[in-house]
Amino acid sequence: MNKVNHQRRKLMEDKYPFAEIEYKWQKYWEQHKIYEVEKDSSKEKYYVLEMFPYPSATLHVGHTRPYSITDVIARFKLLQGFNVLHPVGYDSFGMPAEISAFERSMHPATWTYQCIDNIRAQFKRLGFSYDWRREIITCEPSYYRWNQWFFLKFYEKGLAYRKKTPANWCSKCETVLANEQVIDGQCWRCNTKVEQKNLEQWFLSITSYAERLLDTSNLKEWPERVLLMQKNWIGRSEGVEIKFKIKNEELPVFTTRPDTIFGATYVVLSPEHPLVNNIIHLSKSRGLIKKFVEKAKSKDMTIATILDMEKEGIWTGFYAVNPVNNEKIPIWVANYVLTEYGTGAIMAVPTHDQRDFEFAKKYGLPMRIVIQKQTSDSKLQNVEEMTQSYEGEGVLVNSGQFNGLENKQAIDKIGIWMEQQGIGERKVYYKLRDWCISRQRYWGTPIPIVYCEKCGIVAVPENDLPVKLPKKITITRKGQSPLAYVEEFVNCTCPKCRGRARRETDTMDTFVCSSWYFLRYTSINSEKVPFNLEDVNYWMPVEQYVGGVEHAILHLLYARFFNKFLKDIGMVNNEEPFTNLLVHGMVIKDGAKMSKSKGNVVSPDEIIERYGADVLRLFMLFAAPPQPDLEWSDEGIEGANRFLNRVWRLVKQVVESEKCGGQENQRILRKLHHTIKKVTEDIERFHFNTAIASIMELINTVQQSSPIRKEILETIVLLLSPFVPHICEEMWESMGNKPSIFNQSWPKYNPELIKEEETLIIIQVNGRVRDKMLVPSGISEEDVRKMVLNREKVRKWTGGKTIENIIFIPDKLINIVV
RNA sequence: GCCGGAGUGGCGGAAUGGCAGACGCGUUGGACUCAAAAUCCAAUGUCCGUAAGGGCUUGAGGGUUCGACUCCCUCCUCCGGCACCA
């Protein structure tokens with residue numbers, strides 16, 4: 001009795017008590033384990049996941065948007081009867097934490113766990129439907145030991161290797177970065193200009209998977225632009241590696257244009273090409289060449305400098321022989337040839353390559369046209385008149401037996417011919433480089449390798465894992481991993497010979513953690529394996545992945561690579577981890593991304609304090625579709641708040657008036673079923689804003705009719721529940737139903753009810769709307785014609801004119817052309 | 001430079017070949033109130049007109065179509081990706 005009175009009193013209030021309600025239902029969900037799932041082969045599974053957060057100190061409303069989106073999908077699928085896996089965790093290793101902690105004289109672990117507690121509390125206040133038992137914290141040994149284990153698997157297969165090479169060095173983060181982590185020549189985290197440093201690094205051979213990563217046939221709903229970005233990043237080129245001769249040595253060059261081989265007038269080596277050292281050694285002008293090479297090597301390769309950079313080079317004094325015509329052509333060294341791509345050397349065809357053209361002009365090198373543009377005036381191009389290279393199509397000239405061939409056909413023909421002659425080999429090159437995973441930082445997964453004086457590089461045996469990160473650490477900034485100064489860590493015994501050995505002190509890139517976390521969620525408690533096959537194969541792949549576009553290449557490419565590798569070693573069944581991908585926009589304020597430095601941060605805590613989590617969620621889902629950026633609006637928040645209060649009062653009114661039965665109102669019922677259809681379809685295509693709009697419309701209609709049937713309101717509450725779960729649970733219960741609303745099933749529309757008996761026909765004259773008329777549905781063209789032509793408004797526009805044509809679209813429109 | 005995406009009222013946005021501007025915000029007027037807040041009702045693209053009504057209107061221009069925000073071509077602006085990849 002007391003309980004009922006209490007509830008009544010609460011309902012008397014105009015404003016709904018969001019704080020009380022939200023707390024109540026969060027506790028209820030937890031106690032009743034509403035969102036805990038187990039694998040269940042009798043049910044269809046649905047795995048929905050948002051990229052897990054990196055725990056940082058300042059959280060703004062922008063961070064809560066993607067998780068709100070994912071939560072709608074999870075709850076919708078739950079109501080539809082799917083067995084829904086919706087987990088969360090924290091990507092908790094990494095440089096920013098180490099740097100932040102260092103600045104505060106804290107241990108990175110202390111700092112990280114503080115941030116995690118913060119985010120977790122926020123997620124809980126927002127009422128997300130996570131299975132909290134599956135929470136992952138990647139900096140825990142129980143997790144990162146498997147990073148090490150996977151590393152060993154890669155190593156066993158020869159896909160993890162150590163190499164000394166120029167690496168991207170960020171002086172602020174004091175570590176190297178993978179190519180993917182250099183944006184516009186700057187560090188992706190701190191925007192420091194990246195330098196090149198020659199260092200020994202560990203690599204994972206992602207290039208071995210280049211071809212398979214290009215195959216996107218298993219990626220169903222991925223945004224076109226993300227697929228394109230990945231494709232461009234992998235950068236596949238088919239071409240021929242042609243063997244030029246230098247005395248007794250071979251100089252292979254790679255070209256995608258073998259059709260232009262007869263136009264090669266010189267070859268160019270990159271400054272770091274291995275032959276350059278020999279040349280310096282043998283050359284008369286070794287001083288000059290050496291000077292040039294050193295200057296070229298020291299250039300920083302930021303975007304601005306590359307664009308402005310003048311092409312520079314120097315003749316070596318040596319010649320190479322073009323194998324197709326035995327022509328002797330000069331060998332140059334120049335700064336415009338990349339060491340890392342192809343063979344680090346090119347054949348230069350100035351007439352048909354703009355870069356070679358510019359270079360040849362500058363140094364007065366010879367040119368020869370080998371592709372003639374086919375023009376109507378039959379005027380041939382000639383070298384003297386060229387102001388730029390000709391890279392278009394044409395017919396081969398000056399090309400021996402290939403003269404007269406279309407260059408497009410010549411590409412294949414010459415390639416095949418070269419293979420037959422043994423002077424070239426058709427090859428595929430990629431822009432993609434192997435993934436550099438070494439980081440000279442403390443806060444990461446130790447690479448499980450030791451260096452033994454006798455045995456060399458030795459992998460730590462599986463049974464000795466994890467190689468634990470030492471707790472005691474002094475974070476100094478000396479350009480080396482801080483682990484190198486921890487004696488107890490570094491000094492160890494060789495697992496093979498038991499002799500003295502030193503541990504690898506670099507740690508792994510954090511992207512290793514995020515490359516398989518989605519697999520661990522399925523099987524959180526496995527201790528002997530990273531995940532067990534039964535679980536992983538029940539839950540994988542992720543049906544719906546949600547995340548920001550900043551990971552279009554980084555995380556999404558690494559994770560796909562990992563998954564393919566794991567498939568190859570028999571640990572997962574699927575080629576791809578994420579079937580569908582939704583890329584969401586940011587929350588911006590005053591036209592800019594929210595950031596502490598810009599001072600435009602809106603804290604979710606403040607909004608929750610004032611309006612509650614449901615209002616915050618509703619606003620973000622209603623203001624725009626998920627994909628574009630969303631402009632924050634204080635007025636918009638007010639609007640969301642007003643709407644929820646309106647629904648609340650409506651429910652209150654119906655619950656209080658005992659006569660909530662009322663008569664079946666056909667109009668309302670029809671509208672309701674239309675709305676069920678629309679909301680269902682809109683959620684399925686992620687148009688949450690229009691789904692909510694149609695519920696608002698329905699509420700507006702319902703509000704104006706009386707009496708209101710309780711069943712109608714119950715359905716509305718169900719439709720709203722994926723968006724604003726707390727208030728819906730409360731309303732559901734207050735209407736006399738048993739919680740939780742999430743044990744209900746999603747409403748289905750009745751197709752009979754949404755069939756309209758009457759439709760509004762638009763009447764156009766010459767394509768302009770002149771009249772409208774209500775007619776029975778399914779009416780024939782003949783009938784409509786008769787009715788329309790006699791209408792006064794229609795005659796006004798057709799009077800005295802001959803009717804040329806009539807277009808009729810059933811149940812929609814009639815257009816009279818005069 | 002190359003490759004993508006976007007451009008619609010005062011604002012967020014809706015409509016993917018058939019009533020442009022749903023829904024929300026804002027604004028204005030009204031009701032309630034001693035008053036305010038809250039709430040409710042009404043109006044709200046723009047121009048002409050007292051009105052009825054009509055003209056114009058989806059970045060600009062052209063085209064296809066009975067009919068174009070939607071499809072095609074040219075251009076402009078903004079955002080993103082790539083950066084001498086041979």
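Order of the sequence lines sets the chain letters (A, B, ...), proteins ahead of strands, with each chain counted from 1. Side chains included, hydrogens not; waters and symmetry mates left out as well; all remaining heavy atoms used.
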Query raised in the report: Going from CD1 on A:I329 to CG on A:N322, what distance comes out if it is rounded to the nearest 0.5 angstrom?
Result: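 These two atoms lie 5.5 Å from each other.
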
Which is true for [X] with a 4.0 Å heavy-atom rule: it touches a base, it touches only sugar-phosphate, or it touches nothing?
X	value
A:W632	nothing
A:K796	sugar-phosphate
A:D356	nothing
A:V337	base
A:S633	nothing
A:E631	nothing
A:R770	sugar-phosphate
A:P628	nothing
A:L760	base
A:E804	nothing
A:G235	nothing
A:I809	base
A:N232	nothing

Does the side chain of [X] get closer than 4.0 angstrom to OP1 or OP2 of [N] through an N or O atom?
X	N	answer
A:R642	B:rG26	yes
A:N689	B:rA14	yes
A:Y336	B:rA86	no

Query raised in the report: So does A:E312 pair up with A:K295, basic N to acidic O under 4.0 Å?
Result: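 Salt bridge present between A:E312 and A:K295.
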
Query raised in the report: Hey, is CD on A:E393 packed in by over 12 heavy atoms from elsewhere, all under 6.0 Å?
Result: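 Atom CD in A:E393 is not packed in, count stays at 12 or less.
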
